[in-house]
Structure formats: C-alpha cells, structure tokens
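Labels below follow one simple rule: chain letters A, B, ... track the order of the sequence lines, proteins then strands, and each chain is numbered from 1. No hydrogens, no waters, no symmetry mates; every other heavy atom, side chains included, goes into these values.
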Number of protein chains: 2
Amino acid sequence: MAHAPAASDGTAIFEQAEHDHAHCVDQALHVAEAICTREGARLTPLRRQVLELVWRSHEPIGAYDVLARLQREVQTDGTDGRPAAPPTVYRALDFLLKHGLVHRIESLNAYVGCAHPQQDHSGQFLICQECGNAAEIEDDTISKAIRDNARRIGFTVDRVTVEVSGRCPRCTGAPHA
Amino acid sequence: MAHAPAASDGTAIFEQAEHDHAHCVDQALHVAEAICTREGARLTPLRRQVLELVWRSHEPIGAYDVLARLQREVQTDGTDGRPAAPPTVYRALDFLLKHGLVHRIESLNAYVGCAHPQQDHSGQFLICQECGNAAEIEDDTISKAIRDNARRIGFTVDRVTVEVSGRCPRCTGAPHA
DNA sequence: TCAGGTAATGTTATAAAGTAACGCATGACT
DNA sequence: AGTCATGCGTTACTTTATAACATTACCTGA
Ligand SMILES: [Zn+2]
Ligand SMILES: [Zn+2]
Ligand SMILES: [Zn+2]
Ligand SMILES: [Zn+2]
C-alpha cells in the first residue's frame, strides 16, 4: 500500500489502498533491469528474486523475512525454494542497496524498494507505526536544509538518513474512504 | 571531542578537540539530576552510572560496550563492577531515552548523551565516519521542513530520525579555522 | 514498624540481525 | 581451453536485543 508507483508528490502516497501492486512490482523490476544494464551490473535471478520479494511486501521487510520467503518460494520451473542462508540474502540486499534499488530503514532494520531509483538520493521515509507502511518522499527543502547545515559546519556529507515515525493519514482516525 | 558542552550553534561543534570532557560529563549528570527531579523520575545509581559511561565515551557507544565498562568499573566504595547482564543496560538506556537524556543512533546501533536535554526534540546528528564522533545539531529549518512535509501529507509525526554520515571538518583535511 | 504494593534490578535463556571465512560453480575474456 | 573474477552455497560465529521470571529495594499507609 505504501509504494506509490509513480507518485513522488506526497499527497497520494498513503492513499492508494487498493492499487494493483503486482503492477508496481513488475514495473520496478523492469526499471531495475534497465538500470543494471546501463550500469553494467548483473541482476542475477537471485538478486532479481530478492528485489521482487522486497517489492511484493507492502511494508519494509527484514532480511530474515526475505530469507524465509525465498526459501518458501516455488520457482517458476516447479522446483522448490532455494536452500538459502543469511549471507545469500544479505549479499543480494547489499547489491540492491549499492545500485539504489532498495533502501534500508535503519530504525526498523528493514528494507524497502526504492520508489524512484533513477535519481541519486538517500531516502526519506514516513513510517506509520500502526499499519507499518513506509512512504518514500524526496523533499528538496529537507535535503537542502541538511546540506546547508553541513556546509556551514564544514561537514562533508556522504549519506543522509531521514526517518519519520508516526501515523499515516489512513491510520490517524480519519475513516478511510 | 564531539559533545560540545553548551554549543548548540553548529560552528563550534567539531572543533573542540581538547576541551575538559570530565567537566561536560559532570555538568550533564547535574542537569540529568535536575531533570529527573523535576519529572519525578528516579535517577538511580545504576542509571546514573550508565549515563556517565555514555557521556564519558567520546563517540556513540554500543549497549554491549556500556555493559563491558559497567562490569569493569570499580565503584567508589571499593567494590568491583556490577554483575550486569544485557537487560540491565538496556533497561537503563530505555529509561535515559525516555527522559531525553541520551539519544540512540539508529545507523550505528549506539547511544550518545543528549547535548541539550532541556528541550523537547528528536536528535539530529552529523556522524564522522573517520573519527567516529557524532555532533548533535538542532536545526529548526530541518525540523520545520520535515514537519511541513508531514503536515501536507496528513502524516502525524511522532519521532524524527536525522542521521548524516560523512566527514567532520577535522577529518576532511581542511585546516580548521 | 511492619505489611503490602510497586518499581528496579538480577538472572537465565533465547531471539533477531549480521558477518567471516572458505570452497565450488559459473560466466567473462583471452 | 585456460584463466581470472564474480556470484553463490555452506558452516560457523558475532553482535544486538528481548522474554520471562526471581529477587530486591523503595515507598506508603495501617
Ligand atoms: Zn529511493
Ligand atoms: Zn498507517
Ligand atoms: Zn539531544
Ligand atoms: Zn572526524
């Protein structure tokens, strides 16, 4: 519910309750392939599958949850899930992180598909404590305020983590439409 | 080096290399006592000791490091360190967090003394990847940008995490003014 | 001053998250 | 084909965090 497919303009982010998420996933995978091709990176079946599992989850998902699903998954060819161990998943996630295809939510120890992997950005997230959804925003005012502050102090920015916990509009008591 | 005693104005934060940190610690403990008294909270010897250990560390410190030091510490009465186990430390840290006396740095799984525990605030941190120091800033432009964004989306903010990784001026090679 | 409750701490065990190290397999490149 | 680098399987382990229950310290009102 959280991953607004094309909505990078806040307002719609938490409102798409019943969208066709399978479509989001498909699209994300296609974009990921394009990006990897462009960057000369190999989106192997395993990595692809992990990315798909992360995207399929409507909420940020922990590495061990990914692992469990990976093991449960039945391959398209009929064979059963991979005999995966933690390093398998962590390596795939590291790859996906490196190429900006997923983000890690530090305050949850969890991972989520990047909503706009084209641009270079650290993620900014609004995380609902009630429904668990995390909406990725990319507000330039926030980024700029942080950069300005760092520059003033002489601090060289590498990675920026912005995670806002609270309640999404749907869970705030507002009866959802 | 990081905990600027009274400096809440960015510029000085990373520059106080050789300050009297023992003084910072003392002051922090006094302020903590005042706050706990005011709030009717009990800053027990254990909690006080944990707070002191966190403050003594110049860098954000992990719970298990606190634990180790707690066990090593020799009490003023001559008795040896406490027979502490993880829950002991985590409970103390939870207490300190609840009362705003320390912050947790999510991206490091570590804790750091709050530089200005008077005000109600989530922490914003600039974390040097080289020297490990973390400077707490409190920039209203950042806070406001985040609040505005949330309000626009209808998101109710509970806790805000801002953690900026990079290099402090002292570690950037830039000769500090 | 002593029951009786509540809050704090001790204690044991276990869960959850993450990584090191090694070897084989696969694929890219010559 | 041979060689090198990358990806992945596997084992074992480390680090971080919590659950559950026992015990102790502290307060408060008979
Ligand atoms: Zn993103
Ligand atoms: Zn919600
Ligand atoms: Zn603070
Ligand atoms: Zn530094």
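- Closest heavy-atom contact between A:Ser143 and A:Gln124: OG-NE2, 3.0 Å.
- Each of A:Asp65 and B:Leu46 was matched to the nucleotide of DNA chain C holding its nearest heavy atom; the match closer to the 5' end belongs to B:Leu46.
- The heavy-atom pair separating A:Tyr64 from A:Pro86 by the smallest distance is OH-CG, 3.5 Å.
- Side-chain atoms of A:Gln49 never come within 3.5 Å of backbone atoms of A:Leu70 as a donor-acceptor pair (strictly under, hydrogens ignored).
- Place B:Asn109 and A:Tyr64 on DNA chain D by their nearest nucleotides, and A:Tyr64 ends up nearer the 5' end.
- If you measure from atom CZ of B:Phe95 to atom C1' of C:dT9, you get 14 Å, rounded to the nearest angstrom.
- Rounded to whole angstrom, the span from the CZ atom of B:Arg48 across to the P atom of C:dA8 amounts to 17 Å.
- The number of heavy atoms from other shown groups lying within 6.0 Å of CZ (B:Arg167) does not exceed 12.
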Enumerate, atom names and distances included, each donor-acceptor pair closer than 3.5 Å involving a side-chain atom of residues 29-40 of chain B, sequence neighbours excluded.
from: B:His30; atom 1: ND1; to: B:Asp26; atom 2: O; distance (Å): 3.1
from: B:Glu33; atom 1: OE2; to: B:Arg48; atom 2: NH1; distance (Å): 2.2
from: B:Thr37; atom 1: OG1; to: B:Glu33; atom 2: O; distance (Å): 2.8
from: B:Glu39; atom 1: OE1; to: B:His99; atom 2: ND1; distance (Å): 2.8

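- When all heavy atoms of A:Glu136 and A:Cys114 are compared, the pair lying nearest together is OE1-CA, 3.6 Å.
- The nearest pair of heavy atoms linking A:Val66 to A:Leu53 is O-CD1, 4.0 Å.
- When every heavy atom of A:Cys131 is checked against every heavy atom of A:Glu59, the shortest pair comes out as O-OE2, 3.4 Å.
- One interatomic measurement links the two molecules: CD1 of A:Ile61 to P of C:dA16, which rounds to 15 Å at whole-angstrom precision.
- Each end of the helix from C:dT1-D:dA30 to C:dT30-D:dA1 gets its own axis, taken as the rotation carrying the C1' atoms of four end pairs onto the next four within a five-pair window, and the two axes meet at 30° to the nearest 10 degrees.
- In this structure, A:Gln71 contributes its side chain and A:Ala84 its backbone to a donor-acceptor pair below 3.5 Å.
- Distance B:Leu43 CG to C:dA7 P: 18 Å, rounded to the nearest Å.
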Across nucleotides 23-30 of chain C, 5' to 3', mark each nucleotide with B, S or - according to how protein heavy atoms within less than 4.0 Å reach it. ----S---

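- Using a cut-off of 4.0 Å between Lys/Arg side-chain N and Asp/Glu carboxylate O, A:Glu73 and A:Arg69 are scored as not salt-bridged.
- Remark: B:Arg104 CZ to B:Phe125 CZ distance equals 12.0 Å, nearest 0.5 Å.
- Relative orientation of the B:Trp55 and B:His21 rings is tilted, given thresholds of 30° and 60° on the angle between their planes.
- Taking the 5' to 3' direction, DNA chain D first and last meets chain A under 4.0 angstrom from a heavy atom at D:dG7 to D:dT11.
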Residues 87-97 of chain A side chain polar contacts: donor-acceptor under 3.5 Å, at least two apart:
from: A:Thr88; atom 1: OG1; to: A:Ala85; atom 2: O; distance (Å): 3.4

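- Against DNA chain D, the stretch residues 85-92 of chain A makes heavy-atom approaches under 4.0 Å through A:Ala85, A:Pro87, A:Thr88, A:Arg91.
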